[in-house]
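FYI, the numbering just counts along the sequence from 1.
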Amino acid sequence: MGSNTPPSRAALEPFATLDPAALAGLPASSPLTVRSAAISSPYLYLGTGGGKLLLFTLDSPSSAILPLPAVARLLLLADGLLLLADPLLSRPVRRLGSVRNVAAVAARASESDDDRPSCSLAVSVGKKLLLVDLTLHDADELEVRTRDIALVDGVKALAWVGDSVFVGTASGYSLFSTTNAQGGDIFTLPESSRPPRVKPLSGGDEVMLLVDNVGVVVDRSGHPVGSSFVFNTTPDCIAEVYPYVVVAGDSKVDVYRRKNGAHLQAIPFARPGTGGLIVASEDAGIGSDVVVIATAYKVFCYRKVSAVEQIKALLRRKSYAEAISLLQEFEADGEISNDMISFVHAQLGFLLFFDLRFEDAVNHFLLSETMQPAEIFPFIMRDPNRWSDLVPRKRYWGLHAPPKPLEEVIDDGLVTLQQALFLKKAGVDTVVDDDFLSNPPSRADLLEVAIRNIIRYLCASREKDLSSSEMEGVDTLLMYLYRALNLVDDMEKLASSQNSCVVEELESLLDDSGHLRTLAFLYGSKGMCSKSLGIWRILARNYSTGLWKDHAILPETDSLETSVGKMSGEEIAAVEASKILQASSDQDLVLEHLGWVADIDQELATAILTSEMREKQLSPEKVVAAIDPEKVGIHQRYLQWLIEEQECDEPHYHTSYALSLSRSAMDAVRLGSNNEERNNKEFDSDMQFIYLLRERLQFFLQSSDLYDPEEVLDVISESELWLEKAILYRKMGQENIVLQILALKLEDSEAAEQYCAEIGRDDAYIQLLDLYLDPKNGKGPMFTAAVRLLHNHGESLDPIQVLERLSADMPLQLASDTILRMLRARVHHHRQGQIVHNLSRATNLDARLTRLEERSRHVQLTDESICDSCRARLGTKLFVMYPDDSVVCYRCYRNQGDSASPHGRNFRKGGAFSSDTV
């Protein structure tokens, strides 16, 4: 819909003014009155009240006058007659046909046939609606053909679009088809309406039907489409210069936007003495740039202002909101290229930046796809600098000053703001934002806002595909800005991640400002491990001086399986150093810094030594030598990793690991027994620790065969680690000592019996029985254990040997049942043996008889007998007969053996005897 708000931009601008009478050489006392106008580029035609047709040439790139370029003619409607003239008015005007009383005429709004120069007209004559076809022949002669298509009375206006002729009468609008002559009403007009007007719109798909001051837009079928126009006055004349509709009436010309009917511009004219205002444009519509506005005595030529020029004019007046709105309109209509859209956003951003509206400026910078991050560099670092050559020397439209350091931009802006305040007090309007004037910001606030928004732009630029030099500039200057606002977390996050910062530009800056953590992260990200570790070492030693505060969260914490929680600065330094050391294959560097990390956290030190991230593992010999002897835990965990994970088979390291575990176990047992001032919770914790330590020692002693058991035994010989001693004696083959430890020291009957079973000899059980019945060393007989042994394994023992070892002191009731069961089992075994022996003899006898029968069988061979396998004649050859009577030569028998016959029978599975050889 249209708008009554005052227009604020110029869609049309004047470029020429014509005085038809003066140009025609007439005296001032005989002026010409312009009645009609038309444009057919590059010519302008004017029809006068005196019946003259004037031709003008337009220097730069329409109605009783209709240009017909398809047939190189100009059609005029005068006094009810149709007249034809050539485009240059070089020949006399001729009448078209014999029609009279023509009320309206319209040319078809479509392209002509490329094969034949021709055009068509719709003509209203009386009550008839005629179609006139004009064809141009080689001799510049026109062939005219006329036909009736409808009867319509009172025609006031015509328009031909596609196959439809739109007809306007005093009663309403109707539509007729030129293909089938069918017609129908579109809508009727109110009784008091102004005369109808029909205006085809550009593209040939839509038509505007005027109802007083309302323009209804319909398609070729007469159906309403899009928005209607509500004009400020009732139009006297309508023209179109896409994307605008130009309306003349009431001593002014109004310009409306074609897409939404918005009112854009009003061009006032002095009230004409006679007649009204006339506007005309080229009927081609799209691509037409010129509009002619004619009063009775003057002609004014206007051209369409380009989208770029309209936006530029608004920016020059600092009408930023209107410029943005206009840019969005042009973008939606496709009237402006993507590159120009990016250009405008960048230009708008710079204007806003110099107006101290930094957030809005960066928003537009981010919308520009062609703006380069290097264009921002001069605001941050004064020229000349490392990246000066990267800065493009763009001036855009020259609406803003050249980029300069941010402090100078703010200082100049504040001066402008003070001047605007002074002018406002004096009653002079300014273009400075009223919000700034009512609440002037401080220099410090402006500087912080500017830096934060430049940071936002540089962060977004990091996601673009930039050259290496541009990326270096973005990251390095981003670090500058972080430091300017003391954004420590952001500095450390950038420095510790993958970045393109130039270390040489930042070293002194960060060192002098005390941002050593950031510098350490930066060194680490650039592979300068030695420098990074040196800083972490200094920070770890001096964290208590307040040089930097503790952090609860580590930047980029990932690889360590430690519980971070609230960590001290010393611990954070060790963690960060360990990340570098875990990935480093520089053995000297790792061992140089291992000590101070181990002093803070032995778990981190162990993680460094056992890391799988480095390309080349450290020398075990150098590592073991470098570990502080006091750091037993590191030593043990490294040897454990070396043996279990790296599958090291060096006996020296196996022995060292066993010795270290043994000493730790002895120390833990000794401390646990001596510390009596413990509560239950502490006691349980200590016992759990001792249990786990001994379990690890016992597992290793059992699983490894590479350590020296005698050397380990020398270390624990005076301790109470009896199970460990048993494992060692077992490794040494000292069965009797093992049984003594299991049976007498540990009193673990089950383990002792299991060991006897592993030995696999009955005398082992007898030896264990001796230990139970005669423990020696002042210990009494262990009758219960002895009875358990006899109960579990007595049936397999020699009763005589058992009875010989039974003591007279042993209570009869304890052993009677067991001994009785042994004897019964012995008798049972003896009888079972006799039965088995007799069954075996019977089986053997049967087998011998069967074999005898088989060997006594006879086979008769003749000269025709053949081998059942190779089918060769046997003759006098050596042959073999299988139990299934198949016969083969000896060669085939050797090839296939005696387990299967040629008939496929398997004698190992289904028979008792092999074949016989003859």
Checklist line | Spacing of CG belonging to N792 relative to CZ belonging to R788, to within rounding of 0.5 Å | finding: 5.0 Å
Notebook entry, point to check: Side chain of S513, backbone of L509: donor and acceptor closer than 3.5 Å?
Noted result: yes
Checklist line | Side-chain touch S656/V624, heavy atoms, less than 4.5 angstrom | finding: no
Next item on the list: May I have the step-by-step check of side-chain contact (heavy atoms from CB on, under 4.5 Å) for R614 and I608, ending in yes or no?
Entry: CA-CA 10 Å; R614 58 177 55 97; I608 291 171; 4.0 Å; yes
Checklist line | Side chains of H515 and N486, donor plus acceptor under 3.5 Å | finding: yes
Note to self: If you count every heavy atom of other residues, nucleotides or ligands that lies below 6.0 Å from E504 atom CD, does the total exceed 12?
What the structure shows: yes
Next item on the list: Please name the pair of heavy atoms, one in C501 and one in T476, separated by the smallest distance, quoted to 0.1 Å.
Entry: CA-OG1, 3.5 Å
Check: Y772: what forms a ring pair (Phe, Tyr, Trp, His ring centres under 6.0 Å) with it, not counting sequence neighbours?
Finding: none
Check: Where is the tightest heavy-atom contact between L744 and K779, given as atom of each residue plus distance?
Finding: O-NZ, 2.9 Å
Using residues 693-700 as the side-chain source, report each donor-acceptor pair under 3.5 Å to any protein atom, sequence neighbours left out, with the distance given to one decimal.
from : atom 1 : to   : atom 2 : distance (Å)
R694 : NE     : E724 : OE2    : 2.8
R694 : NH2    : E724 : OE1    : 2.7
R694 : NH2    : E724 : OE2    : 3.2
R696 : NH1    : Y657 : OH     : 3.4
Q698 : NE2    : E724 : OE2    : 3.0

Check: Can you tell if the side chain of L522 reaches within under 4.5 Å of the side chain of V503, non-hydrogen atoms only?
Finding: yes
Check: Is the backbone of I634 close enough, under 3.5 Å, to the side chain of T606 for a donor and an acceptor to pair up by distance?
Finding: no
Margin query: One pair to check against salt bridge (charged side-chain N to carboxylate O under 4.0 Å, His left out): E720 and K725. What are the steps and the verdict?
Written below: CA-CA 9 Å; E720 296 296 321; K725 292 179 184 180; over 6 Å; no
Next item on the list: Apply side-chain contact (heavy atoms from CB on, under 4.5 Å) to K622 and L618, showing your working.
Entry: CA-CA 8 Å; K622 295 289 185 65; L618 310 177; over 6 Å; no
Notebook entry, point to check: Does E621 CD have over 12 foreign heavy atoms under 6.0 Å away?
Noted result: no
Next item on the list: Nearest 0.5 Å please: distance from the CD1 atom of I627 over to the CD atom of Q636.
Entry: 10.5 Å
Next item on the list: For I455 and Y482, work out which heavy atoms get closest and say how close.
Entry: CG2-CE2, 3.6 Å
Notebook entry, point to check: For the side chain of Q587 and the backbone of S619, is there at least one donor-acceptor N/O pair under 3.5 Å apart?
Noted result: yes
Check: With no hydrogens and no angle check, is any side-chain donor or acceptor of D763 less than 3.5 Å from a backbone partner on I766?
Finding: no
Margin query: If I take atom OH from residue Y729 and atom CE from residue M732, how far apart are they, to the nearest 0.5 angstrom?
Written below: 6.5 Å
Next item on the list: Heavy atoms only: give me the nearest L609-L594 pair and the separation to one decimal.
Entry: CD2-CD2, 3.8 Å
Checklist line | I600 CD1 to I572 CD1 distance, which is reported to the nearest 0.5 Å | finding: 11.0 Å
Notebook entry, point to check: Would you call the rings of W596 and H593 parallel, tilted or perpendicular if under 30° counts as parallel and over 60° as perpendicular?
Noted result: perpendicular
Next item on the list: Let me know which of H654, K731, E644 forms a side chain to side chain donor-acceptor pair (under 3.5 Å) with S704.
Entry: H654
Note to self: Using the rule side chain to side chain contact (heavy atoms under 4.5 Å, CB included), only one of L581, I580, V597 pairs with V590; which is it?
What the structure shows: L581
Notebook entry, point to check: Are any non-hydrogen side-chain atoms of M666 and L721 less than 4.5 angstrom apart?
Noted result: yes
Next item on the list: Give a yes or no on whether the backbone of S660 and the side-chain of S664 come within a donor-acceptor separation of less than 3.5 Å.
Entry: yes
Next item on the list: Measure the spacing between CG of L768 and CG of N736 and express it to the nearest 0.5 Å.
Entry: 10.0 Å
Next item on the list: Take D599 and K631 through the salt bridge (charged side-chain N to carboxylate O under 4.0 Å, His left out) test and state the conclusion after the steps.
Entry: CA-CA 9 Å; D599 291 339; K631 305 294 192 299; 3.2 Å; yes
Check: Should M491 and R517 be marked as a side-chain contact (heavy atoms from CB on, under 4.5 Å) after you check the CA-CA gap, both sets of side-chain angles, and the distance that decides it?
Finding: CA-CA 9 Å; M491 294 171 65; R517 279 171 53 101; over 6 Å; no
Next item on the list: Say whether, by atom type as modelled, one donor and one acceptor occur between the side chain of S719 and the main chain of I716 under 3.5 angstrom.
Entry: yes
Notebook entry, point to check: Can you find a pair of side-chain heavy atoms, one from P781 and one from D774, that are under 4.5 Å apart?
Noted result: no
Checklist line | Smallest separation among heavy atoms of E592 and R537, with atom names | finding: O-NH1, 3.9 Å
Next item on the list: Taking the side chain as every heavy atom from C-beta outward, state whether E571 and S568 have any pair of such atoms under 4.5 Å apart.
Entry: yes
Item checked: Polar side chain donor-acceptor pair, N499 to S525, under 3.5 angstrom -> yes
Check: Does a sphere of radius 6.0 Å around CD in E612 hold more than 12 heavy atoms from other residues, nucleotides or ligands, not counting ones at 6.0 Å or beyond?
Finding: yes
Next item on the list: For the pair N542 (side chain) and I538 (backbone), establish whether a donor and an acceptor sit closer than 3.5 Å, ignoring hydrogens and angles.
Entry: yes
Item checked: Over 12 non-hydrogen atoms of neighbours within 6.0 angstrom of CD in E758 -> yes
Check: Hey, does M479 have a side-chain heavy atom less than 4.5 Å from the side chain of T518?
Finding: yes
Item checked: R670/D667 under salt bridge (charged side-chain N to carboxylate O under 4.0 Å, His left out): CA gap, chis, key distance, verdict -> CA-CA 5 Å; R670 183 170 58 255; D667 292 342; 2.4 Å; yes
Checklist line | Pair L742-V738, side-chain contact (heavy atoms from CB on, under 4.5 Å): steps then yes or no | finding: CA-CA 6 Å; L742 296 176; V738 175; 3.8 Å; yes
Notebook entry, point to check: Sub-3.5 Å donor-acceptor pair from the side chain of E576 to the main-chain atoms of A573, do we have one?
Noted result: no
Check: How many angstroms lie between CD in E472 and OG in S500, if you round to the nearest 0.5 Å?
Finding: 6.5 Å
Next item on the list: Look at the side chain of S496 and the backbone N and O of F521, then say whether any donor-acceptor pair between them is shorter than 3.5 Å.
Entry: no
Note to self: When you compare the side chain of E750 with that of Q754, does any pair of heavy atoms fall below 4.5 Å?
What the structure shows: no
Next item on the list: Report yes if the side chains of D708 and P651 come closer than 4.5 Å at any heavy-atom pair, otherwise no.
Entry: no
Notebook entry, point to check: If you draw a 6.0 Å radius around NZ in K776, do more than 12 non-hydrogen atoms from other residues or ligands fall strictly inside?
Noted result: no
Margin query: Taking the six-membered ring for Trp, are Y523 and W536 closer than 6.0 Å centroid to centroid?
Written below: no
Margin query: Hydrogens and angles aside, do E645 and T610 bring a side-chain donor and acceptor to less than 3.5 Å of each other?
Written below: no
Next item on the list: Compare every heavy atom of A764 with every heavy atom of C756, then report the nearest pair and how far apart it is.
Entry: SG-O, 3.6 Å
